[in-house]
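Below you'll find the structure, written out as structure tokens, and then a few comments.
In what follows, every chain begins at residue 1, and chains take the letters A, B, ... in the order their sequences are listed.
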There are 2 protein chains.
Amino acid sequence: MTQPAGPAGPDTDAVITLTGRFADRDAWQAEGWCRLEHALELIGTRSAMILMREIYYGGRRFDELARHTGLTEAVAAKRLKQLVADGLLQRRPYQDPGKRTRYEYVLTELGRELFPVLVALIQWGERLGREGGVELVHVGCGSPLGVVVKCAKGHEVALPDTAARLGTNGNGTDLP
Amino acid sequence: MTQPAGPAGPDTDAVITLTGRFADRDAWQAEGWCRLEHALELIGTRSAMILMREIYYGGRRFDELARHTGLTEAVAAKRLKQLVADGLLQRRPYQDPGKRTRYEYVLTELGRELFPVLVALIQWGERLGREGGVELVHVGCGSPLGVVVKCAKGHEVALPDTAARLGTNGNGTDLP
DNA sequence: AAGCTGGCTAGTGGAAACCATAGCCAGGAC
DNA sequence: GTCCTGGCTATGGTTTCCACTAGCCAGCTT
């Protein structure tokens, strides 16, 4: 899909293809309808994202999470509560011998499904060129991780091969 | 590194495997060293992310971008300026016939590489179950897009098959 | 030269995010 | 009992985000 460059503007300008009713960008509003915005409502803050990172790194207990993220306990408590309420984490009782019952935070299925987002962000962060930092690798072969954009049928998809359309549930009549 | 499940917790608790010097999570700090945090510094705000979405949808001109994101012009101006400064967007002159020279915002290579992050977020947002919303599909076959976590050698990688280690540039001596 | 318009910029204000410090509370240890 | 500790909660303050309103300016049209 790499086309020859035009005189002034090469085709690196290519973006998502809008077809049908989406072709006229003024005819529809993504605001409040966009899954991106739904996602950002839940994990759009720095504290939420780095708490999730810490959980992926194996953190479970409150003070551990607060310490490793560098967040204050107040912020950590508030955000953890929100992440539990939103269904990314689950609060689960545990008891160390000779200690009282406490709660730890573990991933739910929804939380586990956020992993590709984390990997994508880390991969992109690597591109920023700042040296240092921890990277994620495949246990089996030691190669660094990244994400690949694919369609449900398994084709790799580049940006210009992407189109927008209504979600599968949509009846097509209720876009604002 | 997949350990047998305890009585209460099945192995769905599995997270990233920490080995070597990383095994002791208290021995190292991700704070300020994490590529995730570097990434979030640039696109950690809602306005930055939805502006990028709008650019991917083909938006280029200032008022178009402000209108379609629902952001105020003040916020859009500030964020666009920052995105240009950070190298995700490029400000490029254009001239409509009979109009003065203006500037439009187009993706840089760095900005284009953010696409998988957007796809991952949209895919995850779909999981939230709220109905409606635009989805991205493959032009070729019409199937919805998602991301797949893979290592550089092409193996698909699940969460428990992931390990953390120092970035390739690291000499291993300079973790805080 | 006067007006209009697209593309910003500036000022104000509220809400949310985040930090710092201090306090509380359940319950095992003693 | 009393103490101690891990896990929060409360209070107060700064900073950032974002909305709203208003204004500015280059330059094309008239």
Side-chain angles (χ1 to χ4, degrees), chain A residues 25-26 29 31-32 34 36-37 40-55 59-86 89-106, chain B residues 25-26 29 31-32 34 36-37 40-55 59-86 89-106:
Chain A
R25 184 60 188 83
D26 277 315
Q29 269 277 53
E31 223 183 325
C34 183
L36 175 64
E37 294 190 36
L40 291 179
E41 272 175 43
L42 304 200
I43 42 131
T45 64
R46 193 184 78 101
S47 54
M49 207 69 207
I50 63 179
L51 274 170
M52 292 303 289
R53 175 200 71 190
E54 212 45 49
I55 300 259
R60 294 182 164 211
R61 293 157 65 151
F62 180 82
D63 71 324
E64 203 179 26
L65 295 171
R67 211 169 52 245
H68 292 156
T69 53
L71 297 170
T72 62
E73 294 184 341
V75 172
K78 178 180 173 183
R79 199 61 60 207
L80 283 170
K81 199 171 286 185
Q82 188 196 307
L83 289 170
V84 168
D86 289 340
L89 299 179
Q90 183 184 347
R91 202 156 162 274
R92 196 165 63 184
Y94 73 96
Q95 188 160 22
D96 281 350
K99 299 284 183 70
R100 54 188 278 220
T101 299
R102 290 292 185 179
Y103 293 89
E104 60 184 7
Y105 298 89
V106 295
Chain B
R25 185 60 189 84
D26 276 316
Q29 269 277 54
E31 226 184 322
C34 183
L36 174 64
E37 294 190 36
L40 291 179
E41 272 176 43
L42 304 199
I43 41 129
T45 63
R46 193 184 79 100
S47 55
M49 205 71 206
I50 64 178
L51 274 169
M52 291 303 289
R53 175 201 72 190
E54 211 47 48
I55 300 258
R60 295 184 163 209
R61 292 157 66 149
F62 180 83
D63 72 322
E64 202 178 26
L65 294 172
R67 209 168 54 244
H68 292 156
T69 53
L71 296 170
T72 62
E73 294 184 342
V75 172
K78 178 179 174 181
R79 199 62 61 207
L80 283 170
K81 198 170 288 184
Q82 187 195 309
L83 288 170
V84 169
D86 289 339
L89 299 180
Q90 185 184 346
R91 201 155 164 274
R92 198 164 62 183
Y94 73 95
Q95 188 159 24
D96 282 349
K99 299 284 182 70
R100 54 187 278 221
T101 299
R102 290 293 183 178
Y103 293 89
E104 60 185 7
Y105 299 88
V106 295

Rounded to the Å, how far apart are B:I50 CD1 and D:dC17 P?
13 Å
Pick the nucleotide of DNA chain C nearest each of B:R61 and A:R102; which residue has the one closer to the 5' end?
B:R61
Nucleotide nearest B:R46 (side chain, heavy atoms from C-beta), chosen from D:dA19, D:dT9, C:dG7
D:dA19
Audit row: A:L71, A:R46, side-chain contact (heavy atoms from CB on, under 4.5 Å) steps and yes/no:
CA-CA 10 Å; A:L71 297 170; A:R46 193 184 78 101; 4.0 Å; yes
Looking only at C:dG7, D:dC18, C:dC19, the nucleotide nearest the A:L71 side chain is C:dC19
Whole-Å distance separating the CG atom of B:L51 from the P atom of D:dC17:
13 Å
Once you round it to whole Å, what is the distance between P of C:dA17 and CD of A:E73?
19 Å
From CZ of A:R67 over to C1' of D:dC8, roughly how many Å is that when rounded to an integer?
15 Å
Reckon A:R91 has a side-chain N or O less than 4.0 Å from the OP1 or OP2 of D:dC8?
yes
Does the A:Q95 side chain pair with the main chain of A:K99, one donor and one acceptor, at a distance under 3.5 Å?
yes
Using heavy-atom distances to pick each residue's nearest nucleotide on DNA chain D, tell me which of B:A74 and B:K78 is more 5'.
B:K78
Using a heavy-atom cut-off of under 4.0 Å over every strand shown, decide if B:T72 touches base, sugar-phosphate, or nothing.
base
Counting the atoms with a prime plus P, OP1 and OP2 as sugar-phosphate, which does A:T101 contact under 4.0 Å by heavy atoms, base, sugar-phosphate, or nothing?
nothing
Considering just the side-chain nitrogens and oxygens of B:K81, establish if one lies under 4.0 Å of OP1 or OP2 belonging to C:dT9.
yes
Of C:dC18, D:dC18, D:dA26, the nucleotide closest to the side chain of B:R100 is D:dA26
Look at the side chain of A:E64 and the backbone N and O of A:R61, then say whether any donor-acceptor pair between them is shorter than 3.5 Å.
yes
N/O (side chain, B:Y105) to phosphate O (OP1/OP2, C:dC8) under 4.0 Å
yes
Taking only side-chain N and O atoms of A:Y103, does any of them lie within less than 4.0 angstrom of OP1 or OP2 on C:dA26?
no
Ignoring backbone atoms, establish whether B:S47 has a side-chain N or O less than 4.0 Å from OP1 or OP2 of D:dC18.
yes
Of C:dA17, C:dT9, D:dC18, the nucleotide closest to the side chain of A:R79 is C:dA17
Quick one: closest heavy-atom pair of B:T101 and B:P93, and the distance?
CG2-CB, 3.9 Å
